[in-house]
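Keep in mind it's a predicted model, so treat the numbers as computed, not measured. Each chain gets a letter, A, B and so on, in the order its sequence line appears, and its residues count up from 1.
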2 protein chains.
Amino acid sequence: MEADAWSPPSVLLTVDLVILTLREGRLCVLLVERGEDPFRGMPALPGGFLSHDCEEILDAAHRELSEETALTAGYVHLEQLATYGAAGRDPRGRVVSVAHLAIAPGLPEPVAGTDASDAAWIPAESVLSGALELAFDHRRIVTDGIERARTKIESSALATAFCGELFTIAELQQVYEAVWGTELDTRNFYRKVQAVEGFIVPAGSGRKTTGGRPARLYRAGPTTVLFPPLSRPVPTAAEEDTGEKGN
Amino acid sequence: MEADAWSPPSVLLTVDLVILTLREGRLCVLLVERGEDPFRGMPALPGGFLSHDCEEILDAAHRELSEETALTAGYVHLEQLATYGAAGRDPRGRVVSVAHLAIAPGLPEPVAGTDASDAAWIPAESVLSGALELAFDHRRIVTDGIERARTKIESSALATAFCGELFTIAELQQVYEAVWGTELDTRNFYRKVQAVEGFIVPAGSGRKTTGGRPARLYRAGPTTVLFPPLSRPVPTAAEEDTGEKGN
DNA sequence: CCAAAAGTGTTGAAGTTACACCCATGT
DNA sequence: ACATGGGTGTAACTTCAACACTTTTGG
């Protein structure tokens, strides 16, 4: 844009993934232990450089996702989160990272990663509270990702991405409770969710497991925008610890 | 992350700006006519490459903003929007753009840009409707930026960024009506806005201009999150033209 | 006095919360 | 039968849209 002889600086581009899931009713994020030199041995988000010159950013995120989890790509929600490019964030030089948010149904396996030295599901609160130190600016990225999820499940069908193909309303409620860190009234939730046209649609039969009356099964419906939205309960007074309510 | 000899591909990084304002009650976006070769002569978003190796992305956005508008930097809202990096989006090579959203109070001057060949405020609907063809993927970026503004004024104090330091409630209402493309009830809006603690705070005296009872003046308050939110009226039936309601 | 815009009161409809209650299954 | 969780009804309360009405200015 200035003189002809001037040439613009180039940067290295990475994608990082905030992969969220529910394990035993708790919101968890996938972290890997870094095997390479900057921040070696420290937990970090899965991610990496673009693999070749013309790889699409979203494709790169999908590639990293399948490298880190054994997920049949169709059933995972993946969206761009934000871009982090502070000059000093990576000691190797100017590295700009396009962070993505992925939501996966609860994988039973702890996921022994193909690529990374070690991968593990870490409870979100461990990261939010600052108890666990992450490499680079990854704590900030996780915080932003969780905040995105928290606001987005209010008005979009994102919460169903935490469930498998078939789920009960109680399971869906657990998603909301885990992500928001609140408790909801089972009976009101039941109707509120069903009142949203096309959010969830019934599937055939019921199942029981938990030892009461068997619950009906649903699958995600065509609706992506929830109306009316499921609004997060207001924090009644001074209750703002690390995401959990006064326990 | 793979072999030691492999070196990751690098990309060129630009920032692009979706600068929104209100002019005569209409939502407008600032576009420049490109003077350089790719898409020369076509309208495009203001923006450009990072100026030097270690320039912060947000700083670059601020720099482009002040190059294009004569705004006293303190009074402009600026936030990251999203990153666009499709492989074929720029014929010059792999150029990744971090788009930003800026909200400015209505500038009276048509802004003869310092840097660009020509700059003009274009009504948002001209871009949304597709009537005007933009360079690169800039139409998409403008669409995303407007959508962001539309949803964000519901639950954040962003709308005040469209007004000057002092404004009347009627002026604030015009912001909502222009951005959403709907009409609102003056009297309900009046109370709803004041019911949000710390959203707007009164300033000294009143002014009249429009020839009725003079209105009280307000300034933006400390609150950034609006509770309860100002919810966008539901589209009653089949009314979804290009952002305007059936006129 | 009249027009025009600011600001206030009120009412009926709709939504939300809280909780009592019934239903269907395993043991 | 009874414990356990699924699902239904409903009354009290809150919020909201709609619109009549009063206030304050300029001409």
> Rounded off to whole Å, could you give me the CZ-to-P distance for the R216(B) and dA5(C) pair?
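After rounding, the gap between these two atoms is 18 Å.
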
> Once you round it to whole Å, what is the distance between P of dA6(C) and CG of L172(B)?
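The answer, rounded to whole Å, is 13 Å.
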
> Reading nucleotides 19-27 of chain C from the 5' end, what letters show protein touch, with B for base, S for backbone sugar-phosphate only, - for no heavy atom under 4.0 Å?
BBB-BBB--

> Rounded to the nearest Å, what distance is computed from the CG atom of residue L230(B) to the P atom of nucleotide dT15(D)?
15 Å

> Would you indicate whether the side-chain heavy atoms of L58(A) and V15(A) approach each other to under 4.5 Å?
no

> Without decimals, in angstroms, what is the distance between L184(B) CG and dC19(D) P?
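Answer to the nearest Å: 15 Å.
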
> Rounded to whole Å, how long is the line connecting atom CZ of F189(B) with atom C1' of dC16(D)?
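Nearest whole value for this atom pair: 15 Å.
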
> Nearest-Å distance, CZ (R232(B)) to P (dC16(D))?
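Going from R232(B) (CZ) to dC16(D) (P), I get 17 Å.
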
> F167(B) CZ to dA6(C) P: how many Å, rounded?
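Taking atom P of dA6(C) as the reference, CZ of F167(B) is at 15 Å.
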
> Under 4.0 Å between a side-chain N or O of K192(B) and OP1 or OP2 of dA17(D)?
yes

> Under the side chain to side chain donor-acceptor pair (under 3.5 Å) test, which residues partner K152(B), sequence neighbours left out?
E79(B)

> Between F189(A) and Y176(A), is the ring centroid distance below 6.0 Å?
yes

> Report yes if the side chains of P123(B) and L27(B) come closer than 4.5 Å at any heavy-atom pair, otherwise no.
no

> Should we say atom CZ of R140(B) is surrounded by more than 12 heavy atoms from elsewhere, each under 6.0 Å from it?
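At most 12 heavy atoms, drawn from other residues, nucleotides or ligands, come within 6.0 Å of this atom.
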
> For R148(B), does the CZ atom sit with more than 12 other heavy atoms under 6.0 Å from it, leaving out its own atoms?
yes

> May I ask you to evaluate whether Y190(B) reaches the phosphate of dT8(C), defined as a side-chain N or O under 4.0 Å from OP1 or OP2?
yes

> Rounded to whole angstrom units, what separation is found between the CD atom of Q174(B) and the C1' atom of dA6(C)?
14 Å

